[in-house]
There are 2 protein chains.
Amino acid sequence: MKAKKEKIIFRSDCPISSALDLFGDKWSLLIIRDLVYFGERTFKDFSGAAEKISSARLSDRLCKLEVLELIIKSNHPTNKKVYLYTLTPKGMDLFPAIAEYVKWSNKYLNDHIAEPAKEFAQNLEKDREGTLNQFMKR
Amino acid sequence: MKAKKEKIIFRSDCPISSALDLFGDKWSLLIIRDLVYFGERTFKDFSGAAEKISSARLSDRLCKLEVLELIIKSNHPTNKKVYLYTLTPKGMDLFPAIAEYVKWSNKYLNDHIAEPAKEFAQNLEKDREGTLNQFMKR
DNA sequence: ATTTTTACTTTCAATTCGAAAGCAAATATA
DNA sequence: TATATTTGCTTTCGAATTGAAAGTAAAAAT
């Protein structure tokens with residue numbers, strides 16, 4: 001729980017740099033991504049993602065995101081040693097930004113991107129509002 | 001020019017993690033931001049931004065962004081020792097993602113954000129397409 | 001009763017970072 | 001023309017951050 005003690009230092013009063021100060025690392029948005037897609041996840045679930053985050057880093061990021069109130073950690077209904085992580089509305093509101101990354105990568109890194117993501121990107125191009133709402137309202 | 005030799009390693013075929021592999025650090029999007037806003041910038045201009053990037057880091061990032069073809073480095077028309085950096089269409093296409101950061105920060109970090117940015121965020125909320133196009137078409 | 005699983009923490013070497021100083025070439029100034 | 005200054009970097013180096021691997025404690029499964 002080292003991460004909980006730290007305070008965030010904002011480099012400026014720019015909204016972009018401030019956002020980056022909060023979650024502008026290589027892992028935070030991937031945790032948000034998994035939660036947008038799956039709704040809820042355990043520590044082990046996150047560890048199983050293709051990008052292979054280390055447990056030390058995952059632990060640190062989950063703490064930080066919880067402190068920022070982007071995610072919530074709660075008990076599993078039946079299993080006492082498993083925790084469930086879910087998104088807050090504040091965390092879910094990062095989804096539009098993530099969606100723009102998907103669109104950009106689909107346009108410029110297309111031949112490197114997995115098929116299901118390409119389809120999602122195409123849906124975003126066709127009907128941005130509808131595609132976003134489909135996830136946001138869940 | 002150390003940065004030019006490196007090759008990018010993608011952690012997965014996910015469009016989000018791939019985007020983060022390319023420009024998911026604390027500085028790259030701020031360089032893009034300045035170029036969206038000002039059109040063209042010199043090394044010194046970037047150095048003067050509120051976030052106070054170090055010259056070593058700035059030099060490194062400019063190289064990387066140039067290799068990625070997000071920005072172009074060209075000669076100043078009259079001053080031989082000054083270079084002008086501008087956005088490629090590929091780089092400009094990151095603006096929608098940046099705009100979502102602005103909206104998010106305006107909503108959740110509002111009292112920390114500078115006035116002009118708040119106004120921009122409000123314009124984005126009112127007329128996203130129009131506000132984006134206003135910059136994109138320049 | 002023992003083994004396995006889960007969610008971490010700890011350790012440590014390697015990478016990355018920021019701050020400061022240095023530098024060469026071009027330009028501005030005296 | 002000589003000197004000072006500016007610009008766009010590079011270099012250095014101590015500090016912070018990272019990934020990989022191993023370790024741990026409690027709960028659950030066998």
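In the text below, chain A, chain B and the rest are named by the order of the sequence lines, each starting its count at 1. Heavy atoms only: backbone and side chains are in, while hydrogens, waters and symmetry mates are out.
- Residue Lys26(B) has no polar side-chain atom (N or O) positioned under 4.0 Å from OP1 or OP2 of dA16(D).
- Among dG18(C), dC9(D), dA7(C), the nucleotide with an atom closest to any side-chain atom of Val82(A) is dA7(C).
- Distance Leu58(B) CG to dC17(C) C1': 14 Å, rounded to the nearest Å.
- Glu51(B) and Ser12(A) form a side-chain donor-acceptor contact under 3.5 Å, judged by distance and modelled atom types alone.
- In this structure, Lys44(A) reaches the dT6(C) phosphate: one of its side-chain N or O atoms is under 4.0 Å from OP1 or OP2.
- In this structure, CG of Asp60(A) is placed 13 Å from C1' of dG19(D), rounded to the nearest angstrom.
- Residue Arg57(A) has its side chain nearest to dG19(D) when only dA20(C), dG19(D), dT9(C) are considered.
- Ring-centre distance between Phe46(B) and Phe38(B): not below the 6.0 Å cut-off.
- Within the 4.0 Å cut-off from OP1 or OP2 of dC9(D), at least one side-chain nitrogen or oxygen of Lys73(B) is found.
- Neither OP1 nor OP2 of dG8(D) sits under 4.0 Å from any side-chain N or O of Ser59(B).
- Put simply, CG on Asp25(A) is 15 Å from C1' on dC17(C), counting in whole angstrom units.
- Nucleic acid contact for Thr42(B): sugar-phosphate only, since backbone atoms but no base atoms lie under 4.0 Å from a heavy atom of the residue.
- When each of dT11(D), dG8(D), dC8(C) is scored by its nearest atom to the side-chain atoms of Phe43(A), the top-ranked nucleotide is dC8(C).
- One can place NE2 of His76(B) at 11 Å from P of dT7(D), the figure rounded to the nearest angstrom.
- Nucleic acid contact class of Tyr85(B) (heavy atoms, under 4.0 Å, all strands): sugar-phosphate only.
- When only modelled atom types and interatomic distance are considered, Asp45(A) and Thr42(A) share a side-chain donor-acceptor pair under 3.5 Å.
- Nearest-nucleotide mapping onto DNA chain C: of Leu84(A) and Arg11(A), the residue sitting toward the 5' end is Leu84(A).
- A salt bridge between Glu100(A) and Lys103(B) is absent, with no side-chain N of the basic residue lying under 4.0 Å from a carboxylate O of the acidic one.
- Look at Arg61(B) and you'll find a side-chain N or O under 4.0 angstrom from OP1 or OP2 of dC17(C).
- Here dC9(D) presents its P atom at 11 Å from CG of Asn75(B), a figure rounded to the nearest Å.
- Across the protein-nucleic acid pair, Ile9(B) atom CD1 and dT16(C) atom C1' stand 15 Å apart, rounded to whole Å.
- Comparing Ala56(A) and Thr78(A) by the nucleotide of DNA chain D that holds the closest heavy atom to each, the one mapping nearer the 5' end is Ala56(A).
- Side-chain nitrogen and oxygen atoms of Ser54(B) include none within less than 4.0 Å of the OP1 or OP2 phosphate oxygen of dA19(C).
- Between the NZ atom of Lys80(B) and the C1' atom of dA25(C) there is a distance of 11 Å, rounded to whole Å.
- When distances run from any side-chain atom of Asn79(B) to the nucleotides dT27(C), dC8(C), dG8(D), the shortest one goes to dT27(C).
- Phe120(A) and Phe95(A) have parallel rings, their planes meeting at less than 30° on a 0 to 90° scale where 60° marks the start of perpendicular.
- Rounded to whole Å, atom P of dC9(D) lies 16 Å from atom NZ of Lys64(B).
- Within 6.0 Å of the CD atom in Glu125(B), the count of heavy atoms belonging to other residues, nucleotides or ligands exceeds 12.
- Of the candidates dC17(C), dG19(D), dT18(D), dG19(D) carries the atom nearest the Trp27(A) side chain, counting heavy atoms from C-beta on.
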